[in-house]
Amino acid sequence: MFGFSTFGLAMTLIKWLPIKLVDKVILSITNYILGDTEKFGLRRPKTGPLEMKMTTGRSPVLDVGTLSKVKTGNIKVVEQGVREITKNGVVFMDGQELECDCIVLATGYKSNVTSWLKVNAWAYIMKFY
């Protein structure tokens, strides 16, 4: 964001502001820079990125190169379930068929850092910012 790492900006702001407010600032800037991603089928989580990281260990990630491909229509976001993968594409649960070159399953991930890092991870990270 504006030449700075999103994480670095968040860690700087968190020194002076509560997490929920930092999340609101980060999300406002993100919305300004990226626009409304929901109109392309990319729903935003209900919780902010820092709160999500602290409560679930998950980090929302959106690659700007991928986003530009979604915006131009080179990548199609489909949320409904896949019933069958065929030779030329997929058949969805509603029976609709779609020819495709590639299928990407974006299921997310959960960080396991707190399971092997034996100190309070946030306190450890904050020492460096």
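Everything numeric in this text was worked out from a predicted model, so none of it was measured.
- A distance of 11.5 Å separates NZ in Lys87 from CD in Glu99, rounded to the nearest 0.5 Å.
- Looking at Val77 and Phe40, their side chains never come closer than 4.5 Å, going by heavy atoms from C-beta outward.
- Each of Met93 and Leu98 belongs to its own hydrophobic cluster when Ile, Leu, Val, Met, Phe, Trp and Tyr are linked at side-chain heavy-atom distances under 4.5 angstrom.
- Of all heavy-atom pairs between Leu50 and Ala10, the closest is CD1-CB, 3.9 Å.
- Between the side chains of Asn88 and Thr86, not a single donor N or O lies within less than 3.5 Å of an accepting N or O.
- Residues Thr30 and Tyr32 are not in side-chain contact: their nearest non-hydrogen atoms beyond the backbone lie 4.5 Å or more apart.
- Shortest non-hydrogen contact noted between Gly89 and Cys100 is CA-SG, 3.6 Å.
- Residues Ile14 and Met11 share a closest heavy-atom pair of CG2-O, 3.3 Å.
- Considering CD1 of Ile75 and CG of Leu42, their distance stands at 9.5 Å, rounded to 0.5 Å.
- We find the OG1-NZ distance between Thr37 and Lys39 to be 10.0 Å, quoted to the nearest 0.5 Å.
- We find that Glu38 and Arg44 are not joined by a salt bridge, their nearest charged nitrogen and carboxylate oxygen being 4.0 Å or further apart.
- The nearest pair of heavy atoms linking Pro45 to Met52 is CB-CE, 3.1 Å.
- Residues Leu9 and Ile26 have side chains in contact (heavy-atom distance under 4.5 Å, counting atoms from C-beta outward).
- Taken to the nearest 0.5 Å, the CD atom of Glu51 stands 10.5 Å off from the NZ atom of Lys24.
- Proximity of Asp23 to Thr47: side-chain heavy atoms (C-beta onward) are nowhere separated by under 4.5 Å.
- Counting only heavy atoms from C-beta outward, the side chains of Pro49 and Leu27 approach each other to under 4.5 Å.
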